[in-house]
Engineer: 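I have a structure I would like to understand better, so I am pasting it below and will then ask my questions one at a time.
By convention in this document, chain letters (A, B, ...) are assigned in the order of the sequence lines, proteins followed by strands, and residues within each chain are numbered from 1.
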Amino acid sequence: MSGDHSHNDSQIDSGSRVNDSHKHKDKYKDKEHKHKDHKKDREREKSKYGNSDHKEFSEKKHREKERIKHEDVKGCVLFFFRTEFKPKKIKLENDRVDKKGKKRKQDEDIKPKKTQKNKKGEVADGKKKAKKEPEEKWKWWEEERATDGSKWRFLEHKGPVMAAPYEPLPSKVRFFYDGKQMKLAPQAEEVATFFAKMLDHEYTTKDAFRKNFFKDWRKEMTSEEKSKITDLKKCNFNEMGEYFKAQSEARKAMTKDDKLKIKVENERLLQEYGFCIMDNHKERIANFRIEPPGLFRGRGDHPKMGMLKRRIRPEDIIINCSKDSKHPKPPPGTKWKELRHDNKVTWLVSWTESIQGSIKYIMLNPSSRIKGEKDWQKYETARNLKKCVDRLRNQYREDWKSKEMRIRQRAVALYFIDKLALRAGNEKEEGESADTVGCCSLRVEHINLYPEKDGQEFVVEFDFLGKDSIRYYNKVPVEKRVRTFFYTSILNKHLQELMDGLTAKVFRTYNASITLQQQLKELTSPDENLPAKILSYNRANRAVAILCNHQRAPPKTFEKSMQNLQTKIDAKKDQLSDAKRDVKSAKADLKVRRDEKSKKAVETKKKAVERLEEQLMKLEVQATDREENKQIALGTSKLNYLDPRISVAWCKKWGIPIEKIYNKTQREKFAWAIDMAEDDYEF
DNA sequence: CACCCTACTTAGTACCCGCCGA
DNA sequence: TCGGCGGGTACTAAGTAGGGTG
């Protein structure tokens, strides 16, 4: 099919690509390494271009606000992409007309009791039906959705759980400055403990971290302290550090009883603060605790690492709830910053964080209606893209020929977003965060062009740090036209014109989901047993994770756990050969005796062999799976990119228990999909 | 349109806890 | 009974993108 272009082949089947990236990754055993080496790479990159243009470029880096073009040695021009996607209203495919809304007096017929959540009859208008599951979970997906942009009609909650107040250190725990003991006032002491707790983390050796920490720490000091403490190197936090280590040891060594007490208390807190009432239903809150103060740990080479994340007080907190709900009370003697009643948003609590000045929120759990609807909708948008993706792809190919540079650039950006599942790459303020990029913020230094490489024509080599400073490295043979036009690219704004609700990230969702579906089709063989099928599923999942570049640091215990597994496998093999020998001798016995008893014995022994073979197989599959998964994170794609209905359908089709694919939390999040998808679901 | 703020999704990791084998 | 390990979760950073403003 011409419309189906080489797209997916190049993503998944291009074994070379996958292998390449793996090979590459192997060189980078841990993150730190990765970053350093990456820097080196970049250095090399720069020096490679000896010309002054490039020196100038690297000095200026991406400071330019305007789109400036830069020539590289090959005479290619790369434009900075920018995201200029303009939002478009997303229409829900089944907009809800709420006829009942007015009539409902939530505060009357809802009491935040445990039994509440199972009352659904009176809520789901006209949907009472016979859906009397034993557990009677609320099926919000069978109800209609609001059309007016309101996110809820009633919202009641107890507010956040504040961070535990600071407890000053016992006086026996000393701090030394320049070899002399010094008692710090609680304010400065608290901040010092943050540092002390991180002492054996390598963060504390980084210049930026130390500099930022020290600067912010000094702000918390009394003037006396400030005048004394002028050099971080002269600070000795060791006793503090030891103290906290001892504390955590003590916590581990606590009696069962004490541990239980803590557990009970946590449970109480969860019951009290972990739920809210939203539109007649008790819903779980995702993060009901205010983030405690501490030292900021950015990811990658973050310019603000080590800065003090200050303590959030009630006076910093905005509460959002229904006017007619029981409002959460601030702690005694304090006030909230603001109490508002905005049902156009989904959050319950917000505050401004002190590092970037961004707003943090308390919101609902993924299992909640409000998150679930949105998630469902996301996949519906991606399915809409499926319907017109051929047209779009043809269009951007056409656009490569456009006379207008902007259009060509836009088309190239879109091509990479589509083909490589790159993120859009929004503009970031320099110096505010780690230097990471996405498709539209790629700079010349992130790309190499080869007319010919490794026997392939027109190869583009990407090497950059993306979200979370995760390295993206990939060599991609591109279509000739792209090469021709590659040097020009700019951001597009027109996605919305192409399709209702289309944004750059929809491509990631679409390509991830369609890839899973295809891979499942391809990899699942009917006569495989269950573990093998699950391996196939994981492999399909893995293909997506690779596409989306979802990496993880290899678990610290990886080598060891592989060894353990291998030991188990070896042991199992031994058992198996023993068992086989047993069968043989039993058979020999049977030949001689020819009685029922020996016949039975043969049968049992055979059974044992079968059982062992199965167990062995299971272990081997597990080993393969784990090995292949060494530095690939499946969770992110599973949770955020793969239409759960594809997985549900696959399970139904092959008789796989859903529990094998989704754990409890995931089943709660995807309850809608589990309920609605049949075995023939097509993404 | 550039800029800025806000809202919400996506992301990796630290850590916890229950379980399992020694 | 204990230590380790492995899955699950909590945490919170870091993205995308909508929407308002001047």
Engineer: To the nearest Å, give me how far apart CZ (Phe288(A)) and P (dT12(C)) are.
Structural biologist: 13 Å
Engineer: Roughly, in whole Å, what's the span from CD in Glu427(A) to P in dC1(B)?
Structural biologist: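 Between P of dC1(B) and CD of Glu427(A): 15 Å.
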Engineer: Does a side-chain N or O from Thr636(A) land closer than 4.0 Å to OP1 or OP2 of dA11(B), or not?
Structural biologist: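 So the side-chain polar atoms of Thr636(A) never come under 4.0 Å of the phosphate oxygens OP1 or OP2 of dA11(B).
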Engineer: Is there a side-chain polar atom (N or O) of Thr346(A) under 4.0 Å from OP1 or OP2 of dC8(B)?
Structural biologist: yes
Engineer: Supply the atom-to-atom distance Thr515(A) OG1 to Asn541(A) CG, rounded to the nearest 0.5 angstrom.
Structural biologist: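 Going from OG1 on Thr515(A) over to CG on Asn541(A), the span is 11.5 Å.
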Engineer: Counting only side-chain N and O atoms of Lys428(A), is one of them less than 4.0 Å from OP1 or OP2 of dG15(C)?
Structural biologist: yes
Engineer: May I ask you to evaluate whether Thr665(A) reaches the phosphate of dT9(C), defined as a side-chain N or O under 4.0 Å from OP1 or OP2?
Structural biologist: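 Answer yes for this pair, as a side-chain N or O of Thr665(A) is under 4.0 Å from OP1 or OP2.
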Engineer: Between dA10(C), dA17(C), dC8(B), which nucleotide has the shortest distance from any of its atoms to the side chain of Arg284(A)?
Structural biologist: dA10(C)
Engineer: With a 4.0 Å heavy-atom cut-off, tell me which residues in residues 354-362 of chain A come close to DNA chain B, sorted by residue number.
Structural biologist: Ile359(A), Tyr361(A)
Engineer: Mind calculating the distance between CH2 (Trp347(A)) and C1' (dT6(B)) to the nearest angstrom?
Structural biologist: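 Answer to the nearest Å: 10 Å.
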Engineer: Phosphate oxygens OP1/OP2 of dA11(B): is one of them under 4.0 Å from a side-chain N or O of Arg423(A)?
Structural biologist: yes
Engineer: Counting only side-chain nitrogens and oxygens, does Ser469(A) get under 4.0 Å of the OP1 or OP2 atom of dA14(C)?
Structural biologist: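 Checking dA14(C) against Ser469(A), no side-chain N or O comes under 4.0 Å of OP1 or OP2.
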Engineer: May I have the step-by-step check of side chain to side chain donor-acceptor pair (under 3.5 Å) for Asn549(A) and Gln551(A), ending in yes or no?
Structural biologist: CA-CA 6 Å; Asn549(A) 200 37; Gln551(A) 301 187 28; 2.9 Å; yes
Engineer: Assuming nearest nucleotide by heavy-atom distance, tell me which of His201(A) and Thr352(A) is located more 5' along DNA chain B.
Structural biologist: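 Of the two residues, Thr352(A) wins.
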Engineer: Compare side-chain N and O positions of Arg508(A) against OP1 and OP2 of dT16(C) and report whether any pair is under 4.0 Å apart.
Structural biologist: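 No.
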Engineer: Identify which nucleotide among dG8(C), dT12(C), dA7(B) has an atom closest to any side-chain atom of Asn287(A), counting heavy atoms from C-beta outward.
Structural biologist: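 For the Asn287(A) side chain, the nearest candidate turns out to be dT12(C).
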Engineer: If the test is salt bridge (Lys or Arg N to Asp or Glu O under 4.0 Å), which one of Arg311(A), Arg310(A), Lys337(A) qualifies with Asp316(A)?
Structural biologist: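 Result for salt bridge (Lys or Arg N to Asp or Glu O under 4.0 Å) with Asp316(A): Arg310(A).
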Engineer: For the pair made of NZ in Lys505(A) and P in dA11(B), what is the distance, rounded to whole Å?
Structural biologist: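 Spelled out: NZ on Lys505(A) to P on dA11(B) is 9 Å.
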